[in-house]
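Naming: A, B, ... by sequence-line order, numbering from 1 per chain.
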Amino acid sequence: MNYDFNEIEAKWQKYWAENQTFKAENNSDKEKFYVLDMFPYPSGAGLHVGHPLGYIASDIYARYKRHKGFNVLHPMGYDSFGLPAEQYAIQTGQHPAITTETNINRYREQLDKIGFSFDWSREVRTSNPDYYKWTQWIFIQLFNSWYNNDSNKAEDISTLVALFEKEGNTTVNAVSDEDIIAFTAEEWNAFDTKKQQEILLQYRLTYLADTEVNWCPALGTVLANDEIVNGVSERGGHPVIRKKMTQWSMRISAYAQRLLDDLTTVDWPQPLKDSQTNWIGRSQGASAVFNVNGHDEVIEVFTTRPDTIFGVSFMTLAPEHELVSKITTPEQKAEVEAYIEATAKRSERERMADVKTISGAFTGAYAEHPFTKEPIPIWIGDYVLAGYGTGAVMAVPCGDQRDYDFAKHFDISIPNIFEGVDISEEAHVDKDKTVIVNSDFLSGLPYKKAMKLAIYELEKIGHGKGKINYRLRDAVFSRQRYWGEPFPVYYVDGMPQMIDAKHLPIALPEVEKYLPTETGEPPLGNATVWAWDTVSNRVVDNSKINNATVWPLELNTMPGWAGSSFYFNRYMEPNNENEIFSKEAIDYWQDVDLYIGGSEHATGHLLYARFWQKFLFDKGVVPKNEFAKKLINQGMITGTSAFVYRVDFEGSYSISKESNRPVLKQPLYISYSLFKKFDDLYKYILNSKISLEEKNEFVNGNGYTKGLASVAEGTVFYELLDEEKKDVLASFMSLLEDVRVDLRSKGADVIGLKFSSIHADVSFVNASDELDIEAFKNWREEYKDAEFILEDDKYIVGREVEKMSKSKYNVVSPDSICVDYGADSLRLYEMFLGPLEQSKPWNTAGITGAHGFLKKLWRLYVDDNGVKVTDTEPSKDNLKTLHKTIKKVEEDIENFSFNTSVSTFMIAVNELSAQKCTSREVLEALIILVSPYAPHIAEELWNKLGHSESISTAPFPKFEASHLVESSKEYPVSFNGKMRFKLELSLDLSKEEIEKVVMSHEKTQQQLAGRAPKKVIIVPGKIINIVG
RNA sequence: GCCUCGGUGGCGGAAUUGGUAGACGCGCCGGAUUCAAAAUCCGGUUCUAACGAGUGCGGGUUCGAUUCCCGCCCGAGGUACCA
C-alpha cells in the first residue's frame, strides 16, 4: 500500500467539511482558545507560497490546542475592500464586487487544498453589507463620543452637552481641536443649533477637519506619500499639489498615552512595540511663547530642552507657517517668497531625504527673548516641519546639531551655555552630565533642575508651561474612492448628521463610472440614488433632494483600515443581525489568545485596531482593553528571481527620421557567467588603487563598459590586468566589435556596451538555473527574435533573492506543490525552512526531504500487506524515542519553534524504523504528535489503526520522564576547552572517581605529553575539562 | 542618521540557563539493488596531507564563549530633519 497523498488529502478535506470538524461553539465547558490570522486581501494573483506560512503556523497551534482539550476558535475571512479591485473596475467596468467574489473563490479553493482547520461558518468579508453595517455602527458611536481627560475615557456626547449647559467649556478637560473658543453656559445656551453642532464637532472622536493632502488633479484623487515620486504621481507621472480638503478624521491622539502605556500589558514582539512607541513619539518638555517685535502676534514653540532657553540665538519657522507672510519685512520679502516657492516644489519625501543641504531665509523680523528681552532673528527653514509641534522652533545651536549647522551656514552667533564644553566643532547634545552656565537664574544647575526651574519661571511670567507632545497625528478617515464602506452620514445645511443605527446598513450605491466626477467629487458623486429621506428613512433618488426632508449623503468612503479594526471581535458571532456580537459571545471568547501576521502592519492596522478596541472598551462593548494577548510576526518568504542579461549599447548616433534610436538587429542576451566576468572585471578596475581622476575617466558617466573599452584601447590600467583578465577583456571587445558592425550601418557609433538585468519568469528556469530558451522566446513579442550567447551550450540565468511579487516573475504558487507532493509535504516543508519569525528564501529543491519523511512515516505503519502495527509491548528504546519526541515537540510548539520539531519527527521516525518498532502504544502516540503538522496523513493512519472518529481531538500524549533516565554518559574530555576524545562513564561516579579514571586514561597522558595538569574541571553529567 | 533584526559548511538551518559547534534536511561523492532507469537502501561530506584551525572582524571576562561585555565591519527591514 503506497502513500497516495492526493487521494488521502482529498478524502479528509471532504470529511472535515462535511462533519464541520472544526466548528467552534460559543458555549462550552472547555477552556477557550482563540487563534487568529491576519485576514488577507484577496488579490487577483491568488495565493503564493509566502501567504500560508503564518496560516500553517497558526493552524498547527490551533490543532495542538484542540489535542490539549481546548475549545478553539480559528476563523478566517477576507479584507475585501481595496484599491486593486477598484482599479480593475476603472479599466474594465467590471463591478469590484464581482472581481472580489472571483478572487475570494480562488483563495478559498487554494486555502482548502492546504488543509487548514478553519471554522468557515464564521467567515467574514469586510465588503459585505452584513459586515460593514457594524463598521458604520462603530463610526456612529465614535461620532457620538468625546474624550474626557478627567475620567480618562471616551464618554457619550450628551455628558459634554450637559456640562456646557451648566458651566460652559472653561472647566471641561477634554481632548479637542486646538482652536477652541471659550464660552460660558449662558453663551452656549444662546448659540443656535448650527453653532452648537460646530462646536461639538471640535470635540467628537470622529470629526470633520480641513486636512492638507497630496492632491493629484489629473487623477482626481488624493495620494499617499509613497505614491509620489519626484513630485509627480507614481501612476502616470501627473503633477501633485498640496491642497486643503475637508475630511473625516479620527481623534486617535486622545488615546496616545493609553496606546503607549498598555504596550507593557501585551506579549508582542519587542521590535513591534518599539516601532509603535516611536510612532506615537511622546516627548516631554515645554511650550514657550515668544513675542514678535512690532507685531501683536506671538510665536509658540515646543521644546524638549527648556533648560537651554538662554542659548537661543534665532528662531526658525516652517516655510508654511501662517505667520511668515505677516512678519516678513519688505526688504526680505522677495527672498522669503522665493524660498517658499522653492520648498513648495520639493515633495515632503524629498525634503526629508535630503539632510545635508542646509537652506533657509531670514524674514527680517525679530522675536523677543522672554527673559533677556534681547531681539532674536526669525528665520524660515524647511528642516522645520509644519505638521509637528507648532511648526516653529527656538533654535539653540550649541545644543542641537541641526540648529548648529544652520547657524554655521548662515553665520549666526552660537552662544555657549554649557560649562567646560568645547562647541567649536559641533553641538553638545549630551545633557545628563552637563551644567548650565551664562543663563541668568539657571546658571550652575544640572539639566533636570534647570528644566523644572525654567518651566516654573516661564509659567510665572505667562510665557509658557510644561507640555507633553506626541508625534502621533489624528488619522484621516475619508477616502475619495468607490470600493469602501459608505459613511452613514447626510448633510443638513453643510452640517453632518448621523443616520440612526437602526437603519443600517447604508449600502454602497451603484455608479456608472468608478472615476471621480468631472467636478472633482469622489466616485460616489456619480451615483444618482444617493440622498437620504428623513421621513421614509431610506436612500432615495438625488432628484428628491429638497433640503427639507431629503438631504445629500456623504460622498467619501472609509479607508481600508476601518473594516480590519474590529473583525477579530465580529468573528465571535459573525451572523448576529441585531448586535455586533452578543454579550454571551464576547464574554466567552473575550479576546484573541494568539495573533499571527506580518510585521508590516506594526504602525497601521495594529495601532488602529488597538485604538478602536480601547474605544469599544470605554463604551462597555468589549471586556478587554487590548484585543490580542500574544502576537507573532511571521517572516516573509522571499522569491528567487531569475535574470537574463540584455546587451545594450552606449554611443552616439544621429536621430533618424522615425526619431528612433537604432536598435540591434536582434536583441542579444548573454549568459550569466559571461555577464559576471565583465562585471567582475569592471569592479576590479574600479576598486584597484587608481587616482580619483583616473577613476572618473574610467566611469565617465557613460555606463561602465565604455570604461572597459577604454582599457582595451590602451589608454589606462591595461598593466593592472593579469592574463586571465586580459582574456575576459578580449572577449568583451569581440562582443563589442560584433555590435559595432551591426549598428554602424545604421549610422550609430558604438562606444561601449551596457548590460540590463531583465526579470525572466522563474517557471522557465530549471533547478540548475538553465533557461528554457523556447519558453522565454514565446513569452513576449519583444523576446521573439532574441539571440543568446551561451555557456556550455546552455543559457544560465542570474539569481537574486527578492520579495515575492507578480512584477518580479518570481512567484511560486502552492498549487503545483500540493499536486506533486501533497499539502502535508508543503506544510512540513514551510515549517522546516527555518524559524517562523525570520524571512527566508523559497527554494523548492528541499521539498523532497519533507516528502521523503512522510513516505518513511507511512511505511512505519503500513507495508505491502497493509497495516503492520501490532499490540506488542514497546521496547525500552521505543519508549525512549517516543518520550524524548513528546517532550521536544511540546516545548517547540509552545515556543513556536516549528522548524526544530520537524527535525525531531525525522529523528524519531529514523530511530523507530531502525528499531523496527510496530508497537501500537508508541505509534498511536506518534501520529497524534504529527497530526497538527501533517493532518491528512495523521487522519488516514489513525483511521487505519481502527479509530472511527477524527484524530483532531485525540488527547495529546503525556510525557513521562522515567523513560529517559540514563545510567551512563559519554563524557567529552576537553583540554583547555577543546574536546579531544570521549569516554563512556557511569553517572553514579563521584567527581573524584571520574578524575581518577580520566587521568589514568592513555589518551589523557598522550594529550598532556608529560605535562602536569594545572586544574581539572569536572561537571558530573556534562563535561570534563583538563587545563594544562 | 536613528530604531529593529541578523551574520555559523556548497545551501536552508541546529546548538532553549556559558559545557562535545555544524542536529535535521537539501546538494554533492561513493556503494547496493536493477538489463537499464526511476524509486529505495547503506556509507561519506566544515577546512586542513597532517599538527591543528574554525561561528563577520578586533579586544575582554572565564577552566571553558556561537552564547556574556566593549569597540568596529557588513546585510535586511522599518522610519524619517520630531525641536
Pairing residues for Asp405(A) by the side-chain hydrogen bond (donor to acceptor under 3.5 Å, both in side chains) criterion, not counting sequence neighbours |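 Listed in chain order: Gln401(A).
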In 5'-to-3' order, the base (B), backbone-only (S) or no-contact (-) status of each nucleotide in nucleotides 8-21 of chain B, using a 4.0 angstrom heavy-atom cut-off, is ----BSS-B--BBS
In whole Å, what separates the [atom1] atom of [N] from that of [M]?
N	M	atom1	result
rG7(B)	rA15(B)	P	12 Å
rC47(B)	rU34(B)	C1'	38 Å
rU20(B)	rC70(B)	C1'	29 Å
rU55(B)	rG64(B)	C1'	16 Å
rG71(B)	rU61(B)	C1'	15 Å
rA14(B)	rA49(B)	C1'	31 Å
rG9(B)	rG78(B)	P	27 Å
rG25(B)	rU17(B)	C1'	28 Å

Sequence neighbours excluded, every pair satisfying salt bridge (Lys or Arg N to Asp or Glu O under 4.0 Å) that has a member inside residues 387-401 of chain A |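 Listed by first then second residue: Asp400(A)-Arg402(A).
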Sort and list the pairs that fulfil salt bridge (Lys or Arg N to Asp or Glu O under 4.0 Å) and have at least one residue in residues 899-908 of chain A, not counting sequence neighbours.
->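 Of all non-adjacent pairs touching residues 899-908 of chain A, none passes salt bridge (Lys or Arg N to Asp or Glu O under 4.0 Å).
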Specify whether [X] and [Y] have parallel, tilted or perpendicular ring planes, treating 30° as the upper limit for parallel and 60° as the lower limit for perpendicular.
X	Y	answer
Tyr383(A)	Phe406(A)	tilted
His601(A)	His605(A)	perpendicular
Phe896(A)	Tyr61(A)	parallel
Phe410(A)	Trp379(A)	tilted

Return the nearest nucleotide to the side chain of [X]; candidates are [options].
X	options	result
Met906(A)	rC24(B), rC5(B), rA83(B)	rC24(B)
Lys855(A)	rA80(B), rU40(B), rC3(B)	rU40(B)
Leu385(A)	rA83(B), rC24(B), rU4(B)	rA83(B)

Could you tell me which residues satisfy side-chain contact (heavy atoms from CB on, under 4.5 Å) with [X], sequence neighbours excluded, listed by chain and number?
X	result
Glu600(A)	none
Val266(A)	Trp268(A), Lys273(A), Glu626(A)
Arg282(A)	Gln257(A), Leu260(A), Gln284(A), Ile468(A), Tyr470(A)

Is Asp382(A) reaching over with its side chain to a backbone N or O of Ala318(A), donor-acceptor style, under 3.5 angstrom?
->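 Here the side-chain-to-backbone pair does not exist.
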What's the shortest heavy-atom distance between Ala450(A) and Leu442(A), and which atoms?
->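 Shortest heavy-atom contact: O-CD2, 3.5 Å.
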Using both pair distances under 3.5 Å as the test, note the stems of at least 3 consecutive Watson-Crick or G-U pairs that include RNA chain B.
->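 If one scans RNA chain B for consecutive Watson-Crick or G-U pairs, the stems found are B:1-7 with B:73-79, B:10-12 with B:24-26, B:27-32 with B:40-45, B:56-60 with B:68-72.
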If you look at every strand shown and take non-hydrogen atoms under 4.0 Å, does Thr848(A) touch a base, only sugar-phosphate, or nothing?
->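 Sugar-phosphate, no base atom in range.
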Determine the contact category for Asn469(A): base if any of its heavy atoms lies under 4.0 Å from a base atom, sugar-phosphate if only primed atoms, P, OP1 or OP2 are that close, otherwise nothing.
->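 No contact at all - Asn469(A) keeps every heavy atom at 4.0 Å or more from the nucleic acid.
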Between protein and nucleotides 41-52 of chain B, what N or O pairs are separated by less than 3.5 Å?
residue, atom, partner, partner atom, Å
rC41(B), OP1, Arg859(A), NH2, 3.2

Residues within residues 389-399 of chain A bordering RNA chain B, heavy-atom distance below 4.0 Å =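 Those residues are Val393(A).
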ring-ring contact (aromatic ring centres under 6.0 Å, His included) against His883(A), all qualifying residues, sequence neighbours excluded |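 Testing His883(A) for ring-ring contact (aromatic ring centres under 6.0 Å, His included), a comparison that skips the adjacent residues, returns His963(A).
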Output all residues satisfying ring-ring contact (aromatic ring centres under 6.0 Å, His included) with His369(A), sequence neighbours left out; order by chain, then residue number.
->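 Once residues adjacent in sequence are excluded, the partners of His369(A) under the ring-ring contact (aromatic ring centres under 6.0 Å, His included) criterion are Phe310(A).
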For rG64(B), is chi within 90° of 0 (syn) or not (anti)?
->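 Judged by the O4'-C1' to base torsion, rG64(B) sits in anti, the angle falling more than 90° away from 0.
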